[in-house]
Each structure stands twice: as C-alpha cells, then as structure tokens.
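Before any comments, here is the structure.
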Amino acid sequence: MTASQHCHIAALGSAAGNIRIAFPDDEVLVFADDLSFGPLYPLADAEAFSARMIWLETLWQTVCAPECSDVILRRQLTTTLLSRLHRCKSVTIWVGDNSREQLMLSALLEQLQQSEIFIINVTTIGGASSVANVPPERLALWWQERTLLSAAEIERSQAVWHQLLAFPSELRIFRQGQLLTQPVSYYDHLILTALTATPTQASHIVGEVLCMAECDTLSYLFIDSRLRTLIFRQDVLVEGPISHLRQMKIRKAI
C-alpha cells in the first residue's frame, strides 16, 4: 500500500522508528504524548492540549531538567498527526498491552473516521510488552496478523475513553485487558524498595524502578517527579542539594 492509501500510527520513540524501517513506503504517523500520567484531553481540543503541554513543561522545570523537555516536539508531532489523519484511507494502529499504547488507541478511536481501522497487538501476537521492543523485521512479518476493528469494538473503546475523561485521575495503568485509574502514589513503593541506606545516584534508582515495573511503560519523567515528592516528605534523603538526577545521591530514610 502507498502512503496515500494507508497510514501506520505508533507511539513516539523506537516504536515509530522501527515501523518506518519495516514499511519504508508507507506513511508513519507518531502519537507523541504519553497519556498514562497527568491530565487527559480530547485530541481535537486545542485549548486542553495546550494546557497539558504547559503542565508538562512545568514538570520538566520541577525535576531540574528543563533542557530535557520534549514539549516542542510533542506539539509539532501532534499537530502533524491531526492534520494528516484525514488523508489516510485506512489506518493501522500498533499497540501492546501497556497503558501508554492502549490509551493512545482509545484516544485515536475517538477521532478516526476511516472505514477501515486495523490493529496489531504485539503482546497478543508475539508476547512483546510494547511495539518498541519488537525489531523491524518481525514487525514486517506480523503485518499479516492485523485485525480489522469492528464497530462494536470501537464503541467499547470510545466508552472507556469517555469514562476516563469524565473521572480524571493523575495515573492510569493497564491490567488484565483494562485501563484502570490509580492514585499518583501507586509506584512509590518501588522507589522505596530500590533504595538502601547507602547513598546512590538518583538516576540509577529511577532506572531500577523502571526495570522492576517492566510490565508497564513507565515514564522516566513521572518516576523522577514522584521521587522528588518523596524527598519533600523526607521519606527519601538527599546527600547535598536537590538537583538533576545525575548529580544527586539519595538514600532511604532511617
């Protein structure tokens, strides 16, 4: 299929990059936002989207890493995504069983008007936790496993999305085939588990937490922000001034 006929949609990062390699002649649109944490918004609501981008920019400032902010990129890619969707006669959405990609799917199904919407779930097909973990050559093979979403499936996903918008929370996870809301402190116990009485570079702790929660596609930014909340509450102690993760050593409060 040519780009004008068919579009692939995948999450920002390795997922979209690998699909571009696997399907060099097709158009690959990038869903740039990670909706698993922070305020949700209808994709077509420009004002709500702008408010979320401001919220994300503030969060990057909070974690002492404004130079790492990807807000400008998210804005550009989201604008491109929304402007090009109508050009595609059919769409394939690539997902795994994780909150980021399942939320992407629900948000998109609220907007897509195509008569043919396909889905490829890499967890169902090959046991991969996310599209980013699948090499391009395997993605190309799995194309044959795509399934056409029925009207009933689309309606169910839209109903879930409407419920999430109606009852907002700061964190969302995916468990046993369902998107669930959780308190923002849901992963705090993993941070505390990773800590010891010995001062350790904070970036190592965040990396360990991401590994412990391997069934989830956790955001580095989100865990960093939760770590600072624990520091503020003095559940985590800092050696020296609070700064960037790579410059800060932390230990468990005794």
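Atom set for the values below is all heavy atoms of this structure, side chains included, hydrogens, waters and symmetry mates excluded.
- Side-chain contact between Cys7 and Asp26 is absent, with no heavy-atom pair separated by less than 4.5 Å.
- Here the straight-line distance linking atom CD of Glu27 with atom SG of Cys88 works out to 5.5 Å at 0.5 Å rounding.
- Formation of a donor-acceptor pair under 3.5 Å by the Glu101 side chain with backbone atoms of Val131 is found in this model.
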Would you sort out whether Ile9 and Thr92 count as a side chain to side chain contact (heavy atoms under 4.5 Å, CB included), showing the intermediate values?
-> CA-CA 6 Å; Ile9 304 178; Thr92 294; over 6 Å; no

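- Between Lys89 and Glu116 there is no salt bridge, since no side-chain nitrogen of the basic residue lies less than 4.0 Å from a carboxylate oxygen of the acidic one.
- Between the side chain of Thr196 and the backbone N or O of Ala194, no donor-acceptor pair lies under 3.5 Å.
- The closest side-chain heavy-atom distance from Asp224 to Trp60 is not below 4.5 Å.
- Contact annotation: the side chain of Leu56 approaches that of Met53 to within less than 4.5 Å [non-hydrogen atoms, C-beta and beyond].
- Within 6.0 Å of CZ on Arg246 lie no more than 12 heavy atoms contributed by other residues, nucleotides or ligands.
- Scanning all heavy atoms of the two residues, the minimum distance from Arg100 to Asp33 falls at NE-O, 4.2 Å.
- Taking the six-membered ring for Trp, Trp143 and His6 have ring centres closer than 6.0 Å.
- Trp94 has its ring centre less than 6.0 Å from the ring centre of Phe23.
- Side-chain N or O atoms of Arg172 include one that pairs as donor or acceptor with a backbone N or O of Leu35 at under 3.5 Å.
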What do the steps show when you test Asp97 against Gln102 for side chain to side chain contact (heavy atoms under 4.5 Å, CB included), and what is the final call?
-> CA-CA 7 Å; Asp97 283 352; Gln102 290 295 325; 3.6 Å; yes

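- Listed for the Asn133 side chain is no donor-acceptor partner under 3.5 Å among the backbone atoms of Ala128.
- The line from CD of Gln163 to OG1 of Thr181 is 8.5 Å long, rounded to the nearest 0.5 Å.
- The cluster map of Ile, Leu, Val, Met, Phe, Trp and Tyr, joined by side-chain heavy atoms under 4.5 Å apart, puts Leu180 and Val184 in the same cluster.
- From Leu171, atom CG reaches atom OG of Ser185 across 9.0 Å, with rounding to the nearest 0.5 Å.
- In this structure a side-chain-to-backbone donor-acceptor pair under 3.5 Å is missing from Ser69 to Pro66.
- Annotation: cation-pi geometry satisfied between Arg146 and Phe118 (NZ/CZ under 6.0 angstrom from ring centroid, within 45° of ring axis).
- The minimum heavy-atom distance linking Trp55 with Gly38 is given by the pair CH2-CA, 3.3 Å.
- Within a 6.0 Å sphere centred on CD of Glu170, other residues, nucleotides and ligands contribute 12 heavy atoms or fewer.
- Under the 3.5 Å distance criterion, the side-chain polar atoms of Gln113 are matched with a main-chain donor or acceptor of Gln111.
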Apply the test side chain to side chain contact (heavy atoms under 4.5 Å, CB included) to residues Phe49 and Ile54: give CA-CA distance (whole Å), side-chain angles for both, the deciding distance (0.1 Å), then the verdict.
-> CA-CA 9 Å; Phe49 172 69; Ile54 292 171; over 6 Å; no

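- Put simply, the side chain of Glu153 gets close to the backbone of Ser150: a donor and an acceptor are under 3.5 Å apart.
- Side chains of Asp188 and Leu227 form no contact here, defined as non-hydrogen atoms less than 4.5 Å apart.
- In the hydrophobic clustering of this structure, Leu221 does not group with Val30; members are Ile, Leu, Val, Met, Phe, Trp, Tyr whose side-chain heavy atoms approach within less than 4.5 Å, directly or through other members.
- Across Arg251 and Ala197, no two heavy atoms sit closer than the pair CD-O, 3.5 Å.
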Please report the C-alpha distance between Ile72 and Arg75 in whole Å, then the side-chain angles of each, then the deciding distance to 0.1 Å, and finally whether the side chain to side chain contact (heavy atoms under 4.5 Å, CB included) criterion is met.
-> CA-CA 5 Å; Ile72 292 176; Arg75 284 184 181 274; 5.7 Å; no

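- To the nearest 0.5 Å, the span separating OG on Ser36 from CZ on Phe174 amounts to 13.0 Å.
- Side-chain heavy atoms closer than 4.5 Å link hydrophobic residues (I, L, V, M, F, W, Y) into clusters, and following such links, even through other members, never connects Val209 to Leu237.
- Side chains of Trp161 and Leu40 form a contact here, defined as non-hydrogen atoms less than 4.5 Å apart.
- At a threshold of 4.5 Å between non-hydrogen side-chain atoms, the residues Leu12 and Phe31 do not count as touching.
- Counting non-hydrogen atoms of neighbouring residues, nucleotides and ligands closer than 6.0 angstrom, the NZ atom of Lys249 reaches no more than 12 such neighbours.
- Using a 4.5 Å heavy-atom threshold, the side chains of Leu179 and Ser106 count as touching.
- Ser50 places no side-chain N or O within donor-acceptor distance of the main-chain N or O of Ala46, the cut-off being under 3.5 Å.
- Of the residues listed (Ile154, Ile93, Leu43), the one engaging Leu112 in a side-chain contact (heavy atoms from CB on, under 4.5 Å) is Ile93, and it is the only one.
- Criterion: ILVMFWY side-chain heavy atoms under 4.5 Å apart, direct or through other members. Under it, Val236 and Val63 are part of a common hydrophobic cluster.
- Considering Val91, Ile19, Leu85 as possible partners of Leu29, the one that fulfils the side-chain contact (heavy atoms from CB on, under 4.5 Å) test is Leu85.
- Note that CD1 of Ile231 and CD1 of Ile242 are 5.5 Å apart. Values are rounded to the nearest 0.5 Å.
- Residues Leu81 and Leu77 do not share a hydrophobic cluster, clusters being chains of Ile/Leu/Val/Met/Phe/Trp/Tyr side chains in contact below 4.5 Å.
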Going through the distances and angles, do Asn18 and Ser14 end up as a side chain to side chain donor-acceptor pair (under 3.5 Å)?
-> CA-CA 6 Å; Asn18 287 345; Ser14 299; 5.5 Å; no

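- Contact annotation: the side chain of Ile120 approaches that of Ile125 to within less than 4.5 Å [non-hydrogen atoms, C-beta and beyond].
- Nearest heavy-atom pair, Lys252 versus Leu195, reported as atom, atom and distance to 0.1 Å: CE-O, 3.4 Å.
- Rounding to the nearest 0.5 angstrom, the gap separating the OG atom in Ser225 from the CZ atom in Phe37 is 7.0 Å.
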